[in-house]
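Here the structure comes first, spelled out in structure tokens, and everything after it is commentary.
Worth knowing before you read on, the calculation uses all heavy atoms, side chains too, and leaves out hydrogens, waters and symmetry mates. As the structure is a computational prediction, the values presented were derived from the model and not from experiment.
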Amino acid sequence: MSEVKVKEPLFSAKNKKLISDPLSDDNPVTIQVLGICSALAVTVQMKGAMVMSVAVIAVLIIGNVLVSLMRNIIPPRIRIIVQLVVVAALVIIVDQVLQAFVYDASKTLSVFVGLIITNCIIMGRLEAFALGNKPWASALDGLGNGLGYGLILFIVSFFKELFGAGTLFGIQVFGDSAEGTGLYAMGYENNGMMLLPPSSLVIVAIIIWVQKARNPKLQEA
Amino acid sequence: MKFLRKIFDNAHEAINKNEKTKKFFPLIDSFDTLMFTPNHTTKNGAHIRDAIDLKRTMMFVILALVPCLLFGMYNVGHWHYEALGETATFMQKFGIGALGVLPLIIVSYGVGLGVEFIIAIRNGHAVQEGFLVSGMLIPLIMPVDVPLWMVAVATVFAVVIGKEVFGGTGMNIINIALTARAFLFFAHPTSMTGDKTWVAGIKDMKTDGVLADGFSGATSLGDLAGAKAKYAEAVIATTKGKSDEIVQALYDKGDIAASKAMSMMDSFWGIEIGSVGETSAFAALLGAAFLIWVGIASWKVMISFFLGGLSIAGLFYATGGDLAAGGNPFYAVDPITQLMYGGFFFGMVFMITDPVTAAQTSTGKFFYGFIGGALGILIRMGNPAYPEGIMLGILIANVCAPTIDHMVIQANVKRRMKRLKTA
């Protein structure tokens, strides 16, 4: 008598949590404090931040699935090297795709696309999740963490672009700063500090502050 | 006095009647304790009570700031008429200056205390007095023509991010007033530096063309930085093979800019363009004498800060730079004059000595002050982008203070361990 294996539905409660957790209580940037460097560097414009997020999400999902498929044949002692090879290959592919199809964005992101390989979130998820879970769960985990990263980048770049340049996705919100229309006619000026990386640090810190104030479970004693 | 007491008693009674207004207790209480010494006694435990509490301390610092404030008002008016090329009486100058400075003070106190009150009522604790001094310091370290909304934004940033996040008065890591200034310095550099912001109404004068001949509107340090830029241009022109006349013209422009920097005595008394309250070394020293006399500011920090600045200024002056070879005009200023420029003395007396952000150990105070002064002058003289560096030097020293204390304590532990082993 062979036991009938109950097939787990594709979006079971457990699998849904894989996506929803990184978006709130287990956010890779604000709670695990991973991937901070790129969150500081590529958030001056929302467009760049979004392209960066998509790139990271793609690398995370595909990397997670590939490593998860190979998890039983990778010798533990060289697993870091194997993971690196996988991530490096994916990053190169993503970089080439960006250069081919969104050349402007690729140019503004410059070296940071290549530096996705050093993004701690990717290695962290490969080590912590993909090596011990099945491909489908790994894909969802990659998607969740990528979205969590993208969410923070979205918030940070929203405030940076709005107050630093007075635009959102390149569209003028506060009026034309060069011609002095809209808010600028009233003496408003763009905040130059918002264009510098340290301001991202302040914004990320405020996000962490709000998040921890709303959820006492996250507060350290 | 009875009359005042009655007002506060009535106010206390009025808000206690209603549950909803009870939360405004901190608001009334803070004004009450500002006017009257609190009459409640500590109920239990060992305690030491001193007549000088936090509010009294803050008031003493504000008293020490009065010479800087009054002189600042006069100085603002003086340069306003100087820019117009008109003569004016003492009272005219003082009046124009007061009109320029008072709005800054009102905005700084109004916004800062407003934020403090909101936080106190929300968290249900007494209003903390820390902002009393910061609120006076902020206008004194701003250019007089900085837009008021910028002062408001910077004050909110300084109080919330600089102080309340860390737990309120006495818990901040870096100086609050300097946080406000640093915020504006990086956020709105055109309103915080250059030659269009230091003199009251100079922007309109420039557009109307009523500016006196040869009046640049830049600070002494700004003039030196301008000279530095011209010399650098001259060197580039030489390497590019431009004609001698062009190169010589650039050098001459540099010389003119450098010659506009103030003399030592003018800088000492403070007849100099600059932020509202920091121009006069003399007024700052009056404040220093008072603060040391009442025991609030540490003379160790002040002395070491002075020595730190002096040693770096002296070192660069001695090693010097060849001006003809595109050297740095900052190096050509003798060390004492160098220290008279900019906010060095104001920073020495009122900023670096802030007991909350300073090093706590006695030995540490010497290191802390020295680092602040040395870095401040180093940034001023060496940095290509910022003509003044005292603010940044003090902020860096603030950040270093806990580490300095840690090292001093560890050194002491090590010494005593050694003694223990040999005995």
Side-chain angles (χ1 to χ4, degrees), chain A residues 30-31 33 36 39-41 43-45 155-167 173-180 182-216 218-221, chain B residues 103-104 107 115 118-119 122-124 142-143 145-168 171-174 176 178-194 196-197 201 203-204 207 385-386 391-392 395-396 399:
Chain A
T30 59
I31 303 301
V33 198
I36 284 283
L40 301 188
T43 44
V44 175
Q45 289 173 338
I155 299 173
V156 173
S157 60
F158 175 83
F159 287 110
K160 284 189 76 165
E161 194 179 335
L162 184 63
F163 293 114
T167 58
V173 178
F174 290 160
D176 195 325
S177 62
E179 289 178 18
L183 263 185
Y184 298 100
M186 291 155 61
Y188 176 80
E189 278 175 39
N190 285 328
N191 188 324
M193 200 178 79
M194 281 293 167
L195 300 175
L196 305 172
S199 66
S200 328
L201 217 52
V202 175
I203 297 173
V204 170
I206 293 175
I207 297 173
I208 295 176
W209 181 20
V210 171
Q211 196 176 9
K212 292 199 171 177
R214 290 169 66 102
N215 190 347
L218 298 173
Q219 289 170 10
E220 293 125 42
Chain B
L104 291 177
V107 167
V115 174
I118 291 170
I119 289 169
R122 193 178 165 280
N123 294 355
M142 296 285 172
D145 255 12
V146 66
L148 293 176
W149 69 268
M150 287 184 190
V151 179
V153 172
T155 307
V156 172
F157 180 85
V159 172
V160 175
I161 302 295
K163 187 165 80 168
E164 291 302 334
V165 164
F166 294 103
M171 310 294 277
N172 48 305
I173 293 172
I174 50 176
I176 296 152
L178 284 182
T179 309
R181 191 178 201 283
F183 176 82
L184 284 190
F185 185 75
F186 290 109
H188 302 288
T190 48
S191 298
M192 291 298 285
T193 49
K196 289 194 184 69
T197 185
K203 231 180 203 167
D204 294 337
T207 44
Y386 315 136
M391 167 184 81
L392 299 168
L395 286 175
I396 296 171
V399 175

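Residues of residues 156-167 of chain B that come within less than 4.5 angstrom of chain A, heavy atom to heavy atom, are Phe157(B), Val160(B), Ile161(B), Val165(B) in numerical order.
Heavy atoms closer than 4.5 Å to chain B are found in both the backbone and the side chain of Tyr188(A). Neither the backbone nor the side chain of Leu195(A) has a heavy atom closer than 4.5 Å to any heavy atom of chain B.
The nearest pair of heavy atoms linking His188(B) to Glu189(A) is CE1-O, 3.4 Å.
Counting heavy atoms of neighbouring residues, nucleotides and ligands inside a 6.0 Å radius, atom CZ of Phe159(A) does not exceed 12 of them.
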